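Below, all heavy atoms of this structure are taken into account, side chains as well, without hydrogens, waters or symmetry copies. Bear in mind the structure is a predicted one, so any value in this text is a computation, not a measurement.
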Amino acid sequence: FVDMIQHDPITGNSRRIRRLGREGCCNRIARWIRRLFRLMTEEGNKQQRHFKHYEKMRQAIHAGKDEPEYCVTKLYKTEGICQRMVKSHTFFCLTMLVVAVNAVWICADADRSVINIHPGDSNSDDAGETVVESIARPAHVDIIENLFVVFYTLELLIRLCAFKRKVAFIKDSWFCFDGTLWILMIIDNWLLPLLTLMITGDIHGGTGAARVGL
């Protein structure tokens with residue numbers, strides 16, 4: 001306990017602390033020898049420099065731990081039906097359910113064949129040619145995909161209306177990610193069919209047959 005240093009990192013002050021009571025002669029001589037040795041070999045107050053170095057290390061280790069954890073709900077309004085809907089557990093569960101159903105639907109739709117390939121008739125002039133005939137998608141497929149797009153559109157609108165400042169959605173990475181996927185769905189389900197309809201006159205790009213000679 002002898003010759004210990006108490007250092008205040010805020011003010012930079014330090015002081016020596018010793019045990020109260022009588023000190024033995026041997027301990028006193030040893031303390032004086034250590035003090036003389038430090039004066040001869042060390043420059044300045046080395047203990048204070050050590051304390052400052054340790055304080056910098058401690059601040060570097062604990063840097064960022066006192067910062068509040070990011071939560072998107074802090075960017076939402078405190079009043080209004082939109083913020084209540086977005087903060088509700090039911091809204092979250094419903095959204096996750098639709099996302100899961102949509103993932104299953106995408107897998108099922110990817111396995112559906114949209115072309116019909118069959119060899120040419122040997123008794124006709126098409127012998128030796130393979131006929132590739134495109135098949136239009138059933139109407140219920142377009143209806144279901146449009147329902148998904150409408151749901152995601154309403155979801156993003158509700159989440160956007162819940163923000164205090166509408167431009168604050170940029171700070172929410174999940175909103176930006178969902179918005180990017182929504183834009184891709186709009187292009188795939190609405191813009192491309194409209195462009196195809198304007199160019200070919202058929203929303204599915206035609207259902208004609210192509211012949212490939214073998």
Side-chain angles (χ1 to χ4, degrees), residues 10 56-116 132-208 210:
I10 298 177
K56 290 181 180 179
M57 292 178 59
R58 188 188 68 82
Q59 292 178 358
I61 293 174
H62 293 280
K65 290 187 177 181
D66 296 334
E67 296 180 359
E69 185 179 357
Y70 171 76
C71 184
V72 67
T73 56
K74 296 180 180 179
L75 303 176
Y76 292 157
K77 301 176 182 178
T78 56
E79 298 178 349
I81 185 173
C82 290
Q83 61 90 19
R84 287 200 303 269
M85 292 178 61
V86 173
K87 293 179 181 179
S88 66
H89 186 67
T90 304
F91 183 83
F92 175 79
C93 293
L94 178 62
T95 304
M96 292 297 102
L97 178 61
V98 174
V99 170
V101 173
N102 190 16
V104 175
W105 172 258
I106 291 175
C107 295
D109 186 57
D111 293 336
R112 184 181 295 109
S113 177
V114 296
I115 59 174
N116 186 14
V132 180
E133 183 180 1
S134 61
I135 301 176
R137 294 188 304 178
H140 70 274
V141 174
D142 293 331
I143 294 175
I144 294 176
E145 290 188 353
N146 285 315
L147 287 177
F148 283 125
V149 177
V150 171
F151 176 84
Y152 291 135
T153 303
L154 294 176
E155 181 215 354
L156 289 177
L157 285 176
I158 294 174
R159 290 168 60 184
L160 181 63
C161 293
F163 285 99
K164 295 178 183 178
R165 299 173 63 249
K166 303 307 181 228
V167 295
F169 76 87
I170 301 177
K171 300 179 181 179
D172 186 12
S173 57
W174 277 114
F175 188 93
C176 296
F177 177 75
D178 294 340
T180 303
L181 295 181
W182 173 77
I183 292 174
L184 295 177
M185 293 185 68
I186 291 292
I187 294 175
D188 182 57
N189 291 279
W190 290 353
L191 295 184
L192 288 181
L194 181 61
L195 184 62
T196 304
L197 179 63
M198 294 173 59
I199 295 176
T200 64
D202 187 356
I203 195 171
H204 298 293
T207 58

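Annotation: the span from L75 atom CG to T73 atom OG1 amounts to 8.0 Å, rounded to 0.5 Å. Residue I187 holds its CD1 atom at 11.5 Å from CG of L195, rounded to the nearest 0.5 Å. Taking OH of Y76 as the start and NZ of K87 as the end, the distance is 9.0 Å to the nearest 0.5 Å. In this structure, CD1 on I170 lies 10.0 Å from CZ on F163, to the nearest 0.5 angstrom.
Remark: L94 engages V98, F151 in a side-chain contact (heavy atoms from CB on, under 4.5 Å) (not counting sequence neighbours). By the side-chain contact (heavy atoms from CB on, under 4.5 Å) test, V150 is found to be paired with L154, W190, residues two or more places apart in sequence or in another chain being considered. Remark: K77 pairs with Q83, K164, K166 by the side-chain contact (heavy atoms from CB on, under 4.5 Å) rule, at least two apart or across chains. Partners of I81 by side-chain contact (heavy atoms from CB on, under 4.5 Å), not counting sequence neighbours, listed by chain and number: R84, M85.
Residues in residues 180-201 take part in no salt bridge (charged side-chain N to carboxylate O under 4.0 Å, His left out) pair, two or more places apart or across chains.
F148 places none of its side-chain heavy atoms less than 4.5 Å from the side chain of N189.
In this structure, I144 and W105 approach most closely via the heavy-atom pair CD1-CH2, 3.6 Å. In plain terms, the two heavy atoms of E155 and T95 that are nearest each other are OE2-CG2, 3.3 Å. When all heavy atoms of V86 and F91 are compared, the closest pair comes out as CA-CD2, 4.0 Å. Considering all non-hydrogen atoms of both residues, C82 and C161 come closest at SG-CB, 3.5 Å.
No more than 12 heavy atoms of other residues, nucleotides or ligands shown are found within 6.0 angstrom of NZ on K171.
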Considering only distance and modelled atom types, tabulate donor-acceptor pairs under 3.5 Å from the side chains of residues 173-182, sequence neighbours left out.
residue, atom, partner, partner atom, Å
D178, OD2, R159, NH1, 2.8
T180, OG1, C176, O, 2.9
W182, NE1, T153, OG1, 2.7

